[in-house]
Amino acid sequence: MPELPEVETTRRGIEPHVLGRRVERLLVRDGRLRWPVPPELPATLAGQTIDAVERRGKYLLMRTAAGTVIVHLGMSGSLRVLPAETPPARHDHVDWVLDDGRCLRLRDPRRFGCVLWTEDDPMRHPLLADLGPEPHGEGFSGGYLFELSRGRTVGVKGFIMNSHVVVGVGNIYANESLFRAGIHPARAAGRIGRERYDELAGAIRDILAAAILQGGTTLRDFTDSEGKPGYFRHELQVYGRAGEPCTVCGAPLRLSRQDQRATVYCPNCQH
DNA sequence: CAACGGACCTGCCTGC
DNA sequence: TGCAGGCAGGTCCGTT
């Protein structure tokens with residue numbers, strides 16, 4: 001489900017409710033996520049105070065004095081802050097029971113997400129250590145994409161969706177960014193010039209920023225930490241619009257599959 | 001190394 | 001109505 005804007009929306013939503021709160025206990029109803037929730041985590045986390053809620057790519061980091069909880073929402077995960085006594089629904093797998101009578105609750109029907117723990121610098125964790133730059137960070141630019149892509153034959157859509165290249169760009173925003181930049185999604189990454197990568201980097205930054213402002217994109221079931229949907233869906237130019245007219249030239253948008261993912265583009269505007 | 005396909009899991013929608 | 005098949009916002013891992 002969530003790409004960078006949805007994860008950032010979640011982070012901003014939970015931060016004011018969990019920052020400075022003590023975790024009275026961690027309630028794991030079903031620890032069978034992508035990787036098992038560490039069995040010792042409830043004992044380790046009990047009594048710890050959440051000192052920071054950060055995001056790296058699509059990972060959320062909750063820092064305590066003892067270590068850091070690493071959360072990924074996978075395709076279907078969401079976090080909400082609720083009164084601790086709220087009865088759990090199906091797929092509500094983990095609760096962080098807080099010291100103010102509320103809890104942070106992870107719901108993840110497909111269980112592609114994870115809840116992990118590290119006592120070291122979380123940026124050194126194997127899942128985080130090799131991630132590419134943040135789209136809004138220092139290291140990301142057209143020049144960076146241009147240099148890294150030399151000699152690569154993979155389609156540019158797969159290239160920008162690779163978290164080792166740049167974090168946070170999932171299927172929706174990859175489609176949208178390529179449309180904005182006028183680049184055909186199947187074009188080999190290594191055969192795109194510097195100026196077009198400047199366009200693409202700018203499109204990625206602008207679209208992700210706009211989506212964050214709108215609270216993310218709700219297609220089916222994404223909600224923020226208070227249960228509200230994101231409104232960027234109304235701004236989507238191509239994703240989910242196959243067969244409908246291009247908003248620029250009116251040609252019917254085309255649907256294809258690339259890397260087993262739905263890919264929508266304008267055959268007239270994107271080359 | 002880079003590229004590709006499969007794997008993980010559930011829910012929802014379509015079509016027979 | 002039931003059921004099979006395909007699809008979904010992610011990404012790691014094993015194989016070429």
Side-chain angles (χ1 to χ4, degrees), chain A residues 1-11 29-37 55-60 70-79 89-94 106-116 125-132 147-178 185-191 204 207-208 211-212 214-224 229-236 238-243 255-264:
Chain A
M1 162 190 37
E3 303 185 38
L4 190 151
E6 293 73 39
V7 178
E8 179 61 20
T9 295
T10 298
R11 191 198 68 76
R29 295 189 194 83
D30 188 347
R32 297 173 305 156
L33 302 182
R34 174 161 196 177
W35 295 282
V37 178
R55 180 189 57 73
R56 174 75 176 101
K58 298 173 191 168
Y59 292 90
L60 286 168
I70 300 172
V71 176
H72 196 288
L73 299 175
M75 288 276 266
S76 60
S78 59
L79 284 167
R90 191 159 153 75
H91 307 305
D92 286 348
H93 302 313
V94 181
L106 173 71
R107 176 180 164 81
D108 186 3
R110 293 177 74 177
R111 292 193 275 118
F112 285 178
C114 65
V115 175
L116 298 173
H125 189 280
L127 291 172
L128 305 189
D130 299 324
L131 292 177
E147 294 298 336
L148 191 60
S149 62
R150 292 309 87 187
R152 302 280 289 263
T153 59
V154 69
V156 62
K157 178 163 177 260
F159 183 68
I160 61 171
M161 287 179 70
N162 180 346
S163 64
H164 300 290
V165 172
V166 56
V167 295
V169 183
N171 199 36
I172 296 176
Y173 300 112
N175 279 298
E176 295 297 314
S177 300
L178 289 164
R187 174 167 291 277
R191 303 189 61 189
I204 290 170
I207 285 169
L208 293 179
I212 291 169
Q214 297 290 316
T217 298
T218 296
L219 296 178
R220 281 165 274 282
D221 55 4
F222 172 76
T223 62
D224 67 11
Y231 296 105
F232 195 73
R233 181 167 60 87
H234 306 294
E235 322 260 327
L236 297 178
V238 289
Y239 188 88
R241 295 193 62 243
L255 175 66
S256 71
R257 279 197 95 69
Q258 216 181 308
D259 308 317
Q260 284 130 234
R261 312 298 295 260
T263 301
V264 187

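Scope of the values below: all heavy atoms of this structure, side chains included, with no hydrogens, waters or symmetry mates. Numbers restart at 1 for each chain; the letters A, B, ... are given by sequence-line order, proteins then strands. Remember, it's a predicted structure, so these values are computed and weren't measured experimentally.
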- Taken in chain and number order and not counting sequence neighbours, the residues that satisfy salt bridge (Lys or Arg N to Asp or Glu O under 4.0 Å) with A:D259 are none
- Item | A:R11: partners by salt bridge (Lys or Arg N to Asp or Glu O under 4.0 Å), with sequence neighbours left out | A:E8, A:E15
- Message: Restricting to non-hydrogen atoms, name the atom on A:E6 and the atom on A:T217 that form the minimum distance, rounded to 0.1 Å.
- Response: OE2-N, 2.8 Å
- Using Watson-Crick and G-U wobble pairs with both distances under 3.5 Å, what is the 5'-to-3' dot-bracket string of DNA chain B, with [ ] for crossing pairs and | for pairs outside the strand? .|||||||.|||||||
- Could you walk me through whether A:M161 and A:N171 pass the side chain to side chain contact (heavy atoms under 4.5 Å, CB included) check? CA-CA 7 Å; A:M161 287 179 70; A:N171 199 36; 3.9 Å; yes
- Query: When you measure from the side chain of A:R257, which nucleotide among C:dG9, C:dT11, C:dA8 comes out closest?
  - Reply: C:dA8
- Query: salt bridge (Lys or Arg N to Asp or Glu O under 4.0 Å) with A:R32: which residues, sequence neighbours excluded?
  - Reply: A:D30
- Message: Nearest whole Å is fine: how far is C:dT11 C1' from A:I160 CD1?
- Response: 16 Å
- Separation of C:dC12 C1' from A:M161 CE (nearest whole Å): 14 Å
- Query: Nearest-Å distance, CG (A:L73) to P (C:dG10)?
  - Reply: 11 Å
- Message: In whole Å, measure the gap between the P atoms of B:dC9 and C:dC3 for me.
- Response: 23 Å
- Rounding to a whole Å, what distance do you find between A:H72:NE2 and C:dG10:C1'? 6 Å
- Contact boundaries of DNA chain B with chain A (under 4.0 Å, heavy atoms), 5' to 3'? B:dA2 to B:dG11
- Item | Reported CD1-to-CG distance for the pair A:I70 and A:L128, which is rounded to 0.5 angstrom | 5.0 Å
- Query: Is the A:F232 ring parallel, tilted or perpendicular to the A:Y173 ring (thresholds 30°, 60°)?
  - Reply: tilted
- Message: Between A:R261 and C:dC7, is there a contact of a side-chain N or O with OP1 or OP2 at under 4.0 Å?
- Response: no
- Message: Using a 4.0 Å heavy-atom cut-off, does A:F232 contact any base of the nucleic acid, only the sugar-phosphate backbone, or nothing at all?
- Response: nothing
- Looking for any heavy atom pair under 4.0 Å, which part of the strands does A:Y173 touch: base, sugar-phosphate only, or nothing? nothing
- May I ask you to decide if the ring planes of A:H93 and A:H91 are parallel, tilted or perpendicular, using 30° and 60° as cut-offs? perpendicular
- Distance in angstrom units between A:L131 CG and C:dT11 P, rounded: 9 Å
- Task: Mind calculating the distance between CD1 (A:I70) and C1' (C:dG10) to the nearest angstrom?
- Result: 16 Å
- Query: A:R90 near the nucleic acid: base, sugar-phosphate alone, or nothing, with a heavy-atom cut-off under 4.0 Å?
  - Reply: sugar-phosphate
- Separation of the P atoms in B:dA7 and C:dG5, to the nearest angstrom: 16 Å
- Note on the structure: A:R111 meets the salt bridge (Lys or Arg N to Asp or Glu O under 4.0 Å) criterion, sequence neighbours left out, with none
- Task: Looking at every strand, decide which applies to A:R34 at a 4.0 Å heavy-atom threshold: base, sugar-phosphate, or nothing.
- Result: base
- Message: Closest-nucleotide mapping onto DNA chain C: is A:R110 or A:S163 further toward the 5' terminus? I mean the 5' end.
- Response: A:R110
- Rounded distance (Å) that lies between atom P of C:dA8 and atom CG of A:D259: 13 Å
- Apply side chain to side chain contact (heavy atoms under 4.5 Å, CB included) to the pair A:L106 and A:L33, showing each step before the final yes or no. CA-CA 11 Å; A:L106 173 71; A:L33 302 182; 4.0 Å; yes
- Task: Check every strand shown and say whether A:R107 touches a base, only sugar-phosphate, or nothing at a heavy-atom separation below 4.0 Å.
- Result: nothing
- Task: Specify the separation, in whole Å, of atom CZ of A:F112 and atom P of C:dG9.
- Result: 12 Å
- Query: Any idea which of C:dC12, C:dA8, C:dG10 is nearest the A:Y239 side chain?
  - Reply: C:dA8
- Nearest-nucleotide comparison on DNA chain B, the residue closer to the 5′ end among A:Q260 and A:R111: A:Q260
